[in-house]
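Here the structure is laid out as structure tokens; the discussion comes afterwards.
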Amino acid sequence: VQLQASGGGVVQAGGSLRLSCAVVGGIISNYAMGWFRQAPGKEREIVGAISPGGSYTTYGLSVKGRFTISRDNAEDTVYLQMSDLRSDDTGVYYCAADVVGQPMVARRNPAEYDYWGQGTQVTVSS
């Protein structure tokens, strides 16, 4: 299973970006999917996660209400729509797949995810 993240870049504070994560070589509809981020000198943290069918989502406290995770299983892709970006949103964003997917479950601990993408840099300038 390979995950290919894209869509990062440099954006001004208050702006928006949409990240995409394409899943290749696996059955995405079986997986819970997550987006995590890591800033320099900080631990990797949950941004958002979504259950295999898409009916359940969970978010990190700092992004709730500003970011939206979604998925299109027919296109083997997961998205992260980011709005009202702030400087503390800067970091490398990773998508990940939890192959022990359960209905209505999306886990928040990165250690429980099995496959990871290469990361895409998001830089928010103030």
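Because only heavy atoms are used, hydrogens play no part in the values below, and waters and symmetry mates are left out as well, while side chains stay in.
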Can any side-chain N or O of [X] pair as donor or acceptor with the backbone N or O of [Y] at less than 3.5 Å?
X: Asp114; Y: Val99; result: yes
X: Tyr59; Y: Ile69; result: yes
X: Tyr113; Y: Asn109; result: no
X: Arg71; Y: Pro52; result: yes
X: Thr77; Y: Glu75; result: yes
X: Thr90; Y: Val124; result: yes
X: Ser16; Y: Ser83; result: no

As an exercise, state the distance from [atom1] of [X] to [atom2] of [Y], rounded to the nearest 0.5 Å.
X: Arg18; Y: Met82; atom1: CZ; atom2: CE; value: 11.5 Å
X: Gln118; Y: Cys21; atom1: CD; atom2: SG; value: 8.0 Å
X: Asp76; Y: Gln4; atom1: CG; atom2: CD; value: 11.0 Å
X: Ser126; Y: Asp88; atom1: OG; atom2: CG; value: 10.5 Å
X: Arg37; Y: Tyr94; atom1: CZ; atom2: OH; value: 13.0 Å
X: Glu45; Y: Leu61; atom1: CD; atom2: CG; value: 10.0 Å

Side chains of [X] and [Y] in contact at under 4.5 Å (non-hydrogen atoms):
X: Phe67; Y: Leu80; value: yes
X: Trp35; Y: Ile46; value: no
X: Val122; Y: Leu19; value: yes
X: Arg66; Y: Asp89; value: yes
X: Val78; Y: Ile28; value: yes
X: Met33; Y: Val23; value: yes
X: Cys95; Y: Leu3; value: yes

For side chain to side chain contact (heavy atoms under 4.5 Å, CB included), just list the numbers for Tyr56 and Ile50, CA-CA rounded to whole Å, side-chain angles, deciding distance to a tenth of an Å, and then say yes or no. CA-CA 6 Å; Tyr56 175 78; Ile50 187 167; over 6 Å; no
Over 12 foreign heavy atoms within 6.0 Å of CD, Gln2: no
Should Asp72 and Tyr79 be marked as a side chain to side chain contact (heavy atoms under 4.5 Å, CB included) after you check the CA-CA gap, both sets of side-chain angles, and the distance that decides it? CA-CA 8 Å; Asp72 184 339; Tyr79 303 98; 4.2 Å; yes
Are Val1 and Val100 linked, directly or through other ILVMFWY residues, by side chains that come within less than 4.5 angstrom of each other?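 Yes, Val1 connects to Val100 through the hydrophobic network.
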Parallel, tilted or perpendicular for Phe36 and Trp116, by the 30°/60° rule? tilted
Note: Arg107-Asp98 ion pair, threshold 4.0 Å (strictly below):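 A salt bridge links Arg107 with Asp98.
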